[in-house]
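Structure, as structure tokens:
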Amino acid sequence: MSGISRRTVLRGAIGGAAVGVAIPLLDSLLNNNGTAIAATGQRIPTRFGTWIWGCGFIPEKWIPGSTGTDYAMPADLEPLEPYRDRMALLSGFDVRLDGVANKPHITGCLGMRTGIPVPDSNVRAPTLDVLIGQQIGADTRFRSLEISSCGLENSYSYHSAGSPNPSEMSPVELYRRIFGAGFQDPNSSSFTPDAGIMARRSVLSAVSEDRQRLMREVGAADRHRLDEYFTSIRQIEQQLDLQLQPPAPVENFERPAQPEADGLGSEIGDVLETHKLMSSLLARALQTNQTRVFNMLFSDTTSNLRLPGETTTHHTITHEEANDPELGYQKQHSQFVTQSMVGWRDFLDALSAIPEGDGTLLDNCLVLAHSDCSIAKAHAVEGIPVMIAGNAGGKVRTGYHLAGGGDSIARIGLTVQQIMGVPVERWGHLSMETNRTISELVA
């Protein structure tokens, strides 16, 4: 639809003085989504995800020397130069402990994701990805996808305390989960509901009355526990309902081939290859609306990555390696950080490779990348490095470095939730609590 014809239609639909106000907003919406609407009749959804790497960074190789848009790209971020304008760098934001003991590699990561100073993995959940998933993920086949490319099943996505959402760590199993049984090609000329899904849906419906009666009969504490369980059942019901309907058509989609290898090694080169493969599969899952929320673990917070031919892990090196007298930092640890940023670039490449509307899949995502600490040797949770990539369909401003100056890292979590439509005005706990949106991020 041309700009002239679009305005003509809008003037016919909106009368009076409101036209002058409404047209710019609606023009913006149509510019973000117009190509997809014209081709498929569907709006482009906005997706949210997180990308985690373990054991922090080397500050002098990661933090730009200046803020704003004209900063010099530090050494470890040089692979990300192609994404300078599509990424925001956030440094100097802290997890505040409030007297709670810092549990190494846990407190920083989960403090970032919950806004709460947490002592261990019994975090008062849910994490922010789950909160966002409750807002945008209801009408997708998977409420979220958790993926680990380093051969560990660990996850930092929590629905409730002690209950992480498990990660898929095999490319083959990830493929089968997304594109195996239950997958419906969005561009197929025919659609036949799966008889097995119909049977499962019928069984859940049959116990609905029993479920309601049980909730009336039990006490308050049991009702709370049962409600959590039945909420998960209702989510399964919704997902089954979706699979009984024909999927919306998708432009530029080609079903990927099944991977041949499981790729469960921890040597850094193997992890990078596994990560590329899993990133490509995830991108296709997002493209076909299998999910709108994801969590990608490039390396665990206690990073198990290894250099070629070595048995000592990255995590061990951060504690045992001495600073190089000429460089002033740990040389081997630095190699892992550099390669982690290469992995981050590869992930953005996978999202950018898929055309969508007038741009790419990345343009319709908000990806929050972060580590678990700043200085790994000290397990420091002050100044945890954070990056945001993608424009969330025009809702996010990128292309600059912003220094937090010791502000609560919960400001980042609050802002991304608000951008993704979560109705929250304050977020966090104790001195982490904030109502201060990062206005620089909001377009």
Side-chain angles (χ1 to χ4, degrees), residues 49-58 76 79-80 104-106 109 121 144-157 164-180 256-286 294-321 330-351 353 367 369-373 376-377 385:
T50 68
W51 191 93
I52 299 176
W53 80 98
C55 292
F57 65 173
I58 306 296
D76 278 347
L80 293 156
H105 308 289
I106 295 293
C109 184
S121 57
S144 65
L145 287 174
E146 281 66 51
I147 303 169
S148 170
S149 61
C150 61
L152 298 176
E153 197 177 9
N154 290 0
S155 169
Y156 300 96
S157 170
N165 298 313
S167 289
E168 194 66 72
M169 56 183 182
S170 158
V172 173
E173 291 305 315
L174 178 63
Y175 178 89
R176 289 172 179 166
R177 186 177 178 194
I178 299 171
F179 300 110
Q258 178 171 319
E260 296 181 357
D262 275 334
L264 299 180
S266 62
E267 191 269 307
I268 183 64
D270 293 338
V271 170
L272 282 166
E273 288 304 310
T274 298
H275 177 255
K276 280 186 181 180
L277 183 53
M278 299 181 91
S279 297
S280 178
L281 293 175
L282 172 62
R284 292 298 181 185
L286 294 168
F294 62 87
N295 295 281
M296 170 67 82
L297 187 66
F298 176 75
S299 59
D300 187 49
T301 58
T302 52
S303 175
N304 65 321
L305 304 185
R306 298 176 294 106
L307 293 172
E310 299 290 336
T311 58
T312 305
T313 67
H314 177 200
H315 175 230
T316 300
I317 285 171
T318 65
H319 292 292
E320 296 182 353
E321 182 185 15
Q330 296 171 304
K331 187 174 181 178
Q332 283 189 309
H333 169 41
S334 176
Q335 291 179 266
F336 287 106
V337 177
T338 301
Q339 291 303 301
S340 296
M341 294 302 97
V342 171
W344 173 229
R345 180 206 61 199
D346 291 344
F347 184 77
L348 298 180
D349 284 347
L351 299 184
V367 188
H370 67 89
S371 193
D372 60 289
C373 59
K377 194 166 191 175

Contact summary for Gly56 and Ser371, nearest pair of heavy atoms: N-OG, 2.9 Å

Any side-chain heavy-atom pair of Arg177 and Leu145 under 4.5 Å: yes

Side chain Arg176, main chain Gly180, donor-acceptor under 3.5 Å: no

Rounded distance (nearest 0.5 Å) linking atom CZ of Arg306 with atom OG of Ser303: 11.0 Å

Whether Phe347 and Phe294 hold their rings parallel, tilted or perpendicular, with breakpoints at 30° and 60°: tilted

Check: Thr274 side chain, Ser149 main-chain N or O, donor-acceptor pair, under 3.5 Å: no

Residue list, salt bridge (charged side-chain N to carboxylate O under 4.0 Å, His left out) with Glu267, at least two apart or on another chain: none

Validation row: Cys55, His105 side chains within 4.5 angstrom (heavy atoms): yes

Reported OG1-to-CZ distance for the pair Thr313 and Phe336, which is rounded to 0.5 angstrom: 7.5 Å

Euclidean distance, Leu305 CG relative to Thr312 OG1, rounded to 0.5 Å: 13.0 Å

Gln330 to Glu321 - nearest heavy-atom pair and separation: NE2-O, 2.7 Å

Side-chain (Thr338) to main-chain (Ser334) donor-acceptor, under 3.5 angstrom: yes

Main-chain N/O of Asn165 paired to Glu146 side chain as donor or acceptor, under 3.5 Å: no

Gap separating the OH atom of Tyr175 from the CZ atom of Arg284, nearest 0.5 angstrom: 11.5 Å

Side chain to side chain donor-acceptor pair (under 3.5 Å) partners of Thr50, counting only residues at least two apart: Arg113, Asn295

Within-4.5 Å side-chain heavy-atom neighbours: Asn154 and Thr301: no

CG-CD distance between Asp76 and Gln335, expressed to the nearest 0.5 angstrom: 11.0 Å

Point-to-point distance, once rounded to the nearest 0.5 Å, from CG of Asp349 to NZ of Lys276: 8.0 Å

Student check: side-chain heavy atoms of Cys109 and His370 closer than 4.5 Å: yes

Set of salt bridge (charged side-chain N to carboxylate O under 4.0 Å, His left out) partners for Asp300, sequence neighbours left out: none

Side-chain heavy-atom pair Trp344, Phe298 within 4.5 angstrom cut-off: no

Short side-chain donor-acceptor distance under 3.5 Å, Ser170 and Asp262: yes

Heavy-atom donor-acceptor pair, Thr318 side chain to His315 backbone, under 3.5 Å: yes

Backbone of His275 reached by a side-chain donor or acceptor of Ser279 within 3.5 Å: yes

Exercise: identify the closest heavy-atom pair between Phe179 and Pro256: CE1-CG, 3.6 Å

Heavy-atom donor-acceptor pair, Ser155 side chain to Ser157 backbone, under 3.5 Å: yes

Non-hydrogen side-chain atoms of Leu351 and Val367 separated by less than 4.5 Å: yes

Shortest non-hydrogen separation from Ala283 to Ala350 and the atoms involved: CB-O, 3.8 Å

